[in-house]
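Structure, as structure tokens:
Numbered from 1 within each chain, the chains take letters A, B, ... in sequence-line order. The structure presented is a predicted model; accordingly, all values stated were derived computationally and were not measured.
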Number of protein chains: 2
Amino acid sequence: MLGSMKLDEIDIRILSALQREGRITKLKLAEKVNLSATPCWERLRRLEKQGVIAGYHATLDLSQLARFTLVLTEISLHRHQQADFKRFEQTMQETDEVLECYATGGGIDYLLKVIARDVDHYQRLIDRLLTLDVGIDRYFTYIVTKPIKESREVPLTALMGKEHLPSEEKLS
Amino acid sequence: MLGSMKLDEIDIRILSALQREGRITKLKLAEKVNLSATPCWERLRRLEKQGVIAGYHATLDLSQLARFTLVLTEISLHRHQQADFKRFEQTMQETDEVLECYATGGGIDYLLKVIARDVDHYQRLIDRLLTLDVGIDRYFTYIVTKPIKESREVPLTALMGKEHLPSEEKLS
DNA sequence: CATGAAAGATCCCGATG
DNA sequence: CATCGGGATCTTTCATG
């Protein structure tokens, strides 16, 4: 839901800082957003309690951990009833290898980002989905040959800059 | 690089826990992985120093922050020389709205995940890229109508389970 | 690796201006 | 919102088994 709470510029700075440094100290955070510790801490607690900050996560450098393959998969379903969508989406939620899944307009129904040990692992995963009969009609596989960018930071200022910050309303 | 360091099962548990709870206390972490505080702390520091843990980040609930639109974009370049790829990839790195970018085999050259305020913002971004002349030949736009899943946690056990953990080598 | 200890930093929460 | 505490907790290191 949008608008359940108004965020001012300081809140945005707090959120931006925490996107970058999830384990920054509360004192350093306050300093970075030009606020004293107590009010900064209160804002932070509010943002966490409201769920604006959904959580904190370590980001791993997978390339140091294991061989793996990223795959992007376009999927179309047989039928397009609510129950069909729901069933497919539920399966995606439960499949750990599916890192991301988006419903789209335009020809295909879903696009997935899948991580697997290798192409064989990926293919077995797809085969399992097909035999599970979750409604897949056609699928198309793009193997990722090179990950160029994987950002964990949403560009808050670009998204909120124009309409959310108090523009010149009531400038006397 | 793979294999610069061997990770045992405890390391994997540490990493998994930190993917889930990036701000967990070091004491609770030790407890969760069944290790006493000191050696757990040493492992953690090693993992951070090596860069296996690339960083810690707060995850935001964007839906509470602003209206936005996710777009998936397939892109083909005119020419396929190294310099062409490099130039395009450099531009992607510098464009905040591009959250993810992957080079793929199979017809298209790149697939992007873009975040914008709305479709108009997205289109202006694309127009800018086209006039910037970064080598784009054709592009295809999929508007995300519904984000189904956006996981920040890599399924470590699924990826490492079979080949990385010490299998039955030298079993007597 | 487990335990224990101890100095220093951080956290949380008041009270006050 | 700023400043100032202070007790609880967490962090980091070291010594010992």
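With B/Ile75 as the partner, the side-chain contact (heavy atoms from CB on, under 4.5 Å) test is satisfied by one option alone out of B/Leu112, B/Asp109, B/Val134: B/Leu112.
Atom CD in A/Glu31 sits roughly 14 Å away from atom C1' in C/dA9 (whole-Å rounding). As a whole-Å value, the separation of A/Lys26 NZ from C/dT10 C1' is 9 Å.
Along DNA chain C, the nucleotide closest to B/Ile10 and the one closest to B/Arg23 are compared, and the more 5′ of them pairs with B/Ile10.
Residue A/Leu27 is in sugar-phosphate contact alone, with no base atom involved, counting any heavy-atom pair closer than 4.0 Å across all strands shown.
Checked by atom type and distance alone, the side chain of B/Thr145 pairs as donor or acceptor with a backbone atom of A/Ala103 at under 3.5 Å. Judged by distance alone, the side chain of A/Gln19 and the main-chain N or O of A/Pro155 form no donor-acceptor pair under 3.5 Å.
No more than 12 heavy atoms of other residues, nucleotides or ligands shown are found within 6.0 angstrom of CD on B/Gln82. At most 12 heavy atoms of other shown residues, nucleotides or ligands fall within 6.0 angstrom of atom CZ in B/Arg20.
Of the residues in residues 35-49 of chain A, those with a non-hydrogen atom less than 4.0 angstrom from any atom of DNA chain C are A/Thr38, A/Trp41.
The existence of a salt bridge linking B/Glu89 and A/Lys146 is confirmed by a sub-4.0 Å separation between a basic side-chain nitrogen and an acidic carboxylate oxygen.
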